[in-house]
Amino acid sequence: SVRTAERWRSGQSPQARFRDRIGELQAVLDVLGSGMSDAAKRAWLESPNGALGWRRPVDRLAAGDFDAVVAAAESYAVGDYV
């Protein structure tokens, strides 16, 4: 939630269960690469993705499906859009 993010931003540490998810999100962002703008990364995370059964990558991450999201990000990063 926004409130949770604001607490983190103010210096409060995330709970352990959220730290793992944040690490997974950072790994996906790293795979997408530094050449991609933050807005483009956000759009990729929030858009339905055919490689993920037309679910949004952010939803699949929230459901714990890190491996599938990383695979989709790797495919996207190398230009395999199918």
Side-chain angles (χ1 to χ4, degrees):
S1 71
V2 172
R3 195 169 125 188
T4 300
E6 289 299 325
R7 282 196 309 268
W8 296 344
R9 202 178 274 168
S10 71
Q12 184 179 17
S13 294
Q15 297 173 11
R17 64 188 171 128
F18 295 122
R19 276 194 304 269
D20 293 342
R21 293 286 164 84
I22 291 168
E24 291 174 351
L25 175 59
Q26 185 60 58
V28 171
L29 295 173
D30 290 346
V31 168
L32 292 172
S34 61
M36 192 175 189
S37 72
D38 289 345
K41 289 177 186 178
R42 187 175 310 109
W44 187 88
L45 284 166
E46 295 176 350
S47 298
N49 187 302
L52 298 171
W54 296 108
R55 291 190 54 209
R56 299 178 329 149
V58 69
D59 294 334
R60 293 287 294 264
L61 280 174
D65 202 359
F66 172 70
D67 292 336
V69 176
V70 166
E74 288 171 340
S75 292
Y76 183 85
V78 298
D80 181 14
Y81 303 110
V82 180

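Along the sequence shown, residues are numbered consecutively beginning with 1. Keep in mind that what you see is a predicted model, and the values were worked out from it rather than measured.
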query: With side chains defined as the heavy atoms from C-beta onward, is the minimum distance between Pro57 and Val28 less than 4.5 Å?
result: no

query: To the nearest 0.5 Å, what is the distance between CG (Asp59) and CD (Glu46)?
result: 9.5 Å

- prompt: Between Phe18 and Pro14, what is the shortest heavy-atom contact and its length?
  reply: CB-CB, 4.2 Å

Carboxylate-amine/guanidinium proximity below 4.0 Å for Glu6 and Arg3: no

- prompt: Would Leu61 and Phe66 satisfy side-chain contact (heavy atoms from CB on, under 4.5 Å), going step by step from the backbone distance to the final call?
  reply: CA-CA 5 Å; Leu61 280 174; Phe66 172 70; 4.0 Å; yes

- request: Over all heavy atoms of both residues, which pair between Leu32 and Tyr76 is shortest? Give the atoms and the distance, please.
  value: CD2-CD2, 4.0 Å

field: Beyond-backbone contact of Leu45 with Leu25, side-chain heavy atoms, under 4.5 angstrom
entry: yes

- line: Interatomic distance, CD@Glu24 vs CG@Asp67, rounded to 0.5 Å, equals 8.5 Å

query: What's the shortest heavy-atom distance between Gln12 and Arg7, and which atoms?
result: OE1-CD, 2.9 Å

query: For the side chain of Lys41 and the backbone of Asp30, is there at least one donor-acceptor N/O pair under 3.5 Å apart?
result: no

statement: What one should report as the nearest heavy-atom pair of Arg21 and Ala63 is NH2-C, 4.4 Å

field: Any side-chain heavy-atom pair of Trp8 and Ile22 under 4.5 Å
entry: yes

query: Got a donor-acceptor contact below 3.5 angstrom from the Arg60 side chain to the Leu52 backbone?
result: yes

